[in-house]
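What follows is one structure encoded as structure tokens, with my remarks underneath.
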Amino acid sequence: MPSPVDVSQNGNARHAEAAPSLFEIEEDLARLLERPRQVNIERKRSFDERSFSEMSMTHSPPRQVYKNSENSSRVFDNMVGVYSPGRWSGIHTPRSTFGYEPHPIIGEAWEALRRSIVNFRDQPVGTIAAIDNSAEELNYDQVFVRDFVPSALAFLMNGEPDIVKNFLLKTLRLQSREKKIDQFKLGDGVMPASFKVSHDPVRNYETITADFGESAIGRVAPVDSGFWWIILLRAYTKSTGDTSLAEMQECQRGIRLILELCLSEGFDTFPTLLCADGCSMIDRRMGVYGYPIEIQALFFMALRCALFLLKHDEENQECCDAIIKRLHALSFHMRSYYWLDIKQLNDIYRYKTEEYSHTAVNKFNVMPDSLPEWVFDFMPTRGGYFIGNVSPAHMDFRWFCLGNCISILSSLATPEQASAIMDLVESRWQELVGEMPLKICYPAMEGHEWRIVTGCDPKNTSWSYHNGGTWPVLLWLLTAAAIKTGRPQIARRAIELAESRLLKDSWPEYYDGKLGRFIGKQARKFQTWSIAGYLVARMMLEDPSHLGMISLEEDKQMKPTMKRSASWTC
């Protein structure tokens with residue numbers, strides 16, 4: 001098997017990395033990397049299953065941990081069946097839990113994924129974005145936080161948590177660094193978009209260089225990185241049963257710092273987060289500034305994961321109170337104002353404008369004439385979705401895959417809404433999936449709209465890259481959403497499409513065209529998250545218990561029974 005990308009030549013290498021202000025990981029790395037034993041779980045309701053309404057303003061005491069006769073931790077969390085790595089085959093890839101032989105490309109996928117591993121001081125700390133020797137590296141030789149998530153899930157599902165633990169600790173350490181763009185200092189809680197490990201063979205030392213947005217296109221800080229970090233920390237905890245990592249003082253502080261950036265009071269009149277273009281997976285100018293669905297869904301999921309991870313003690317009480325309040329407001333706002341089905345579309349079509357009172361129906365003063373013509377044909381009789389953006393006098397009716405899938409997995413979508421989203425996917429399969437899963441957004445901008453919104457971006461031409469391009473990495477999200485909603489046949493159909501081409505096409509980053517027929521004009525080959533996304537989708541389909549590490553159950557007391565508040569006016 002080809003060896004991983006190793007930037008360390010020997011264990012005695014000196015390091016030019018600045019000393020962290022929080023803690024020194026290297027001194028305790030051997031202790032921190034001890035593989036947790038598989039725990040025996042006492043079945044209790046987890047924080048995921050408990051309503052955050054129940055938790056109110058007074059919190060439960062810190063979670064109790066007991067030791068049984070075999071000295072294994074017994075934690076009060078419902079993790080039954082989650083830690084279930086598959087049986088190993090001769091090529092170091094797991095067999096199906098249910099005894100099926102793996103698809104022939106699975107072995108190739110695992111070898112490609114392992115080639116992307118990056119080491120720091122002889123310890124794996126992540127996977128680089130792509131290994132494409134035919135193209136200029138640019139920043140594809142870096143470890144991106146969002147890109148590593150499917151890789152991390154693949155390793156967790158395969159019973160290899162060490163690389164995930166190392167990554168979480170390393171990025172936490174990077175969070176503590178001073179972050180400046182020109183003369184402006186970023187908030188303490190900002191997580192890096194990516195980092196690069198470099199080795200100097202002459203002076204024999206290693207460095208880690210983090211990018212917090214100062215090198216990114218448009219110089220935009222990554223709003224989603226912190227959310228993905230919290231989500232991944234929960235996935236690690238659920239998968240391994242190891243609560244010690246999340247309970248470290250440094251991790252608790254890191255979570256609080258991330259959330260302080262989002263929960264601070266200001267001029268906002270909505271519970272959603274105001275963001276710039278390019279602050280998430282769509283990292284170029286694409287008209288998603290404002291309150292994009294992707295960020296709101298990740299924000300909601302991160303809040304719920306944080307409530308699970310934070311110790312419910314005096315130090316965290318104020319933060320937990322703020323989380324609970326925000327979850328109530330955010331779930332109501334998103335379910336009420338972002339949701340679009342045929343009835344809501346008809347209501348918007350008939351909106352009156354210039355309403356000024358507490359009884360206004362058209363609260364955002366949206367002009368009915370701004371409804372795009374395509375949405376009337378796109379909306380099926382059965383089905384619906386969360387639209388891309390809602391702000392005063394503006395609604396972005398585009399479909400965004402990641403935001404809608406995360407809405408299902410986080411239970412931001414009610415069960416009825418989740419089912420309707422999958423109805424839409426089935427009804428509009430040709431448009432959203434075509435010949436390769438999965439459209440990042442639909443439809444593409446063309447002509448004058450493309451010129452104005454993207455600034456004539458040559459990479460985001462119609463039906464390419466972020467502008468209606470097809471991204472194989474999204475396969476794992478669709479699969480997870482399909483399994484959660486009881487539609488595994490949707491996942492199976494999409495996976496079979498991907499398996500027919502991905503290996504043959506050398507695992508491209510994205511595809512172009514309305515049907516996803518052509519390899520993207522600037523797509524990197526051997527894109528790591530395309531590889532990992534496929535592996536995660538395949539493993540979840542074969543062993544649905546893996547879904548537990550990335551899915552949150554519905555909060556039973558957050559039913560959308562409330563009426564829209566008369567105080568929500570624009």
Quiz item: Hey, does the side chain of Thr485 reach the backbone of Ala482 with a donor-acceptor pair shorter than 3.5 angstrom?
Solution: yes
Quiz item: Are Phe397 and Tyr385 close enough that some pair of their side-chain heavy atoms sits under 4.5 Å apart?
Solution: yes
Quiz item: Are any side-chain N or O atoms of Glu426 and backbone N or O atoms of Ile490, one a donor and one an acceptor, separated by less than 3.5 Å?
Solution: no
Quiz item: Can you tell me if Asn389 uses its side chain to pair, donor with acceptor, with the backbone of Tyr291 under 3.5 Å?
Solution: yes
Quiz item: In Å and rounded to the nearest 0.5 Å, what is the OH to OG distance from Tyr510 to Ser464?
Solution: 4.5 Å
Exercise. Please check if any side-chain donor atom of Thr470 sits under 3.5 Å from a side-chain acceptor atom of Arg517, or the reverse.
Key: no
Quiz item: Heavy-atom distance under 4.5 Å between the side chains of Glu315 and Gln252, does that happen here?
Solution: no
Quiz item: Taking side chain as C-beta onward, heavy atoms only, is Ser411 less than 4.5 Å from Lys484?
Solution: yes
Quiz item: Less than 6.0 Å separating the ring centroids of Trp471 and Tyr465?
Solution: yes
Practice problem: Could you tell me the separation between the SG atom of Cys319 and the CG atom of Leu303, rounded to the nearest 0.5 Å? | Solution: 8.5 Å
Quiz item: To the nearest 0.5 Å, how far apart are CZ in Arg146 and CG in Asp224?
Solution: 4.0 Å
Quiz item: What distance separates Ile293 CD1 from Ile387 CD1, expressed to the nearest 0.5 Å?
Solution: 8.5 Å
Quiz item: Got more than 12 heavy atoms from elsewhere within 6.0 Å of CZ, Arg382?
Solution: no
Practice problem: For Asp188 and Leu257, indicate whether the former's side chain and the latter's backbone hold a donor-acceptor pair under 3.5 Å. | Solution: no
Self-check item: Asp321 and Lys325 ion-paired at < 4.0 Å
Solution: no
Quiz item: What is the minimum heavy-atom distance between Val375 and Leu340, and which atoms define it?
Solution: CG2-CD2, 4.1 Å
Quiz item: Centres of the Tyr442 and Phe378 rings: under 6.0 Å?
Solution: yes
Quiz prompt | Over 12 foreign heavy atoms within 6.0 Å of CZ, Phe376 | solution = yes
Exercise. Kindly determine whether Met286 and Arg398 satisfy side chain to side chain contact (heavy atoms under 4.5 Å, CB included), including the steps that lead there.
Key: CA-CA 11 Å; Met286 270 289 292; Arg398 285 176 293 176; 3.5 Å; yes
Self-check item: Closest non-hydrogen atom pair, Ala246 against Thr237
Solution: CB-OG1, 4.0 Å
Quiz item: Does atom NZ of Lys352 have more than 12 heavy-atom neighbours from other groups under 6.0 Å away?
Solution: no
Exercise. Kindly indicate, with the supporting measurements, whether the criterion salt bridge (charged side-chain N to carboxylate O under 4.0 Å, His left out) is fulfilled by Asp341 and Lys343.
Key: CA-CA 6 Å; Asp341 54 21; Lys343 180 185 181 302; over 6 Å; no
Practice problem: May I ask you to test the Leu409-Leu477 pair for a side-chain heavy-atom distance under 4.5 Å? | Solution: yes
Quiz item: For Gly278, does its backbone N or O pair with a side-chain atom of Arg285 as donor and acceptor, under 3.5 Å?
Solution: no
Exercise. Report yes if the side chains of Phe227 and Cys262 come closer than 4.5 Å at any heavy-atom pair, otherwise no.
Key: yes
Quiz item: Is the centre of the Tyr337 ring less than 6.0 Å from the centre of the Phe270 ring?
Solution: no
Quiz item: When rounded to the nearest 0.5 angstrom, what is the spacing between CG in Leu541 and CG in Leu475?
Solution: 9.5 Å
Quiz item: Do side-chain atoms of Arg304 reach the backbone of Glu553 as a donor and acceptor pair under 3.5 angstrom?
Solution: yes
Practice problem: Could you check Thr528 against Asp147 for side chain to side chain contact (heavy atoms under 4.5 Å, CB included), going step by step and ending with a plain yes or no? | Solution: CA-CA 8 Å; Thr528 302; Asp147 290 38; over 6 Å; no
Quiz prompt | Over all atoms of both residues, closest heavy-atom pair of Ala418 and Ala413 | solution = N-CB, 3.9 Å
Quiz item: With a cut-off of under 6.0 Å to the ring centre and 45° to the axis, is Arg493 in cation-pi contact with Trp429?
Solution: yes
Quiz item: Would a distance-only check, ignoring hydrogens and angles, find a side-chain to backbone donor-acceptor pair under 3.5 Å from Glu355 to Lys363?
Solution: no
Quiz item: So, for Val473 and Met281, which heavy atoms are closest and what is the spacing to 0.1 Å?
Solution: CG1-CE, 4.1 Å
Practice problem: May I have the step-by-step check of side chain to side chain donor-acceptor pair (under 3.5 Å) for Tyr140 and Glu509, ending in yes or no? | Solution: CA-CA 11 Å; Tyr140 284 82; Glu509 178 183 12; 3.1 Å; yes
Exercise. Go through the steps for Glu435 and Tyr511 under the test side chain to side chain contact (heavy atoms under 4.5 Å, CB included), then give the verdict.
Key: CA-CA 10 Å; Glu435 297 184 14; Tyr511 289 81; over 6 Å; no
Quiz item: Quick one: are Ile230 and Arg234 in side-chain contact, heavy atoms under 4.5 Å?
Solution: no
Practice problem: Kindly give the heavy-atom pair with the smallest separation between Met422 and Leu478, and that separation in Å. | Solution: CE-CD1, 4.0 Å
Quiz item: Take atom CD in Gln489; do more than 12 heavy atoms of anything else shown fall under 6.0 Å from it?
Solution: yes
Quiz item: Would you find a donor on one side and an acceptor on the other, under 3.5 Å apart, between the side chain of Lys179 and the backbone of Leu186?
Solution: no
Quiz prompt | Polar side-chain atom of Gln175 near backbone of Met191 as donor-acceptor pair, under 3.5 Å | solution = no
Practice problem: Start with the C-alpha distance between Gln142 and Asp211, add both sets of side-chain angles, then the distance that settles side chain to side chain donor-acceptor pair (under 3.5 Å), and finish with yes or no. | Solution: CA-CA 10 Å; Gln142 298 186 22; Asp211 178 14; 5.7 Å; no
Quiz item: Quick one: does Met367's side chain get under 4.5 Å of Tyr351's, heavy atoms only?
Solution: no
Quiz item: Taking side chain as C-beta onward, heavy atoms only, is Phe195 less than 4.5 Å from Val145?
Solution: no
Exercise. Determine, stepwise, if the pair Asp423 / Arg487 fulfils salt bridge (charged side-chain N to carboxylate O under 4.0 Å, His left out).
Key: CA-CA 10 Å; Asp423 285 339; Arg487 313 277 187 95; 2.8 Å; yes
Quiz item: Do you know the tightest heavy-atom contact between Met549 and Lys238?
Solution: CA-CB, 4.1 Å
Quiz item: So how far is it from Cys305 SG to Phe300 CZ, rounded to the nearest 0.5 Å?
Solution: 10.5 Å
Self-check item: Residues Ile406, Glu294; criterion side chain to side chain contact (heavy atoms under 4.5 Å, CB included); working and verdict
Solution: CA-CA 8 Å; Ile406 292 293; Glu294 176 177 337; over 6 Å; no
Quiz item: Does the His466 side chain pair with the main chain of Lys459, one donor and one acceptor, at a distance under 3.5 Å?
Solution: no
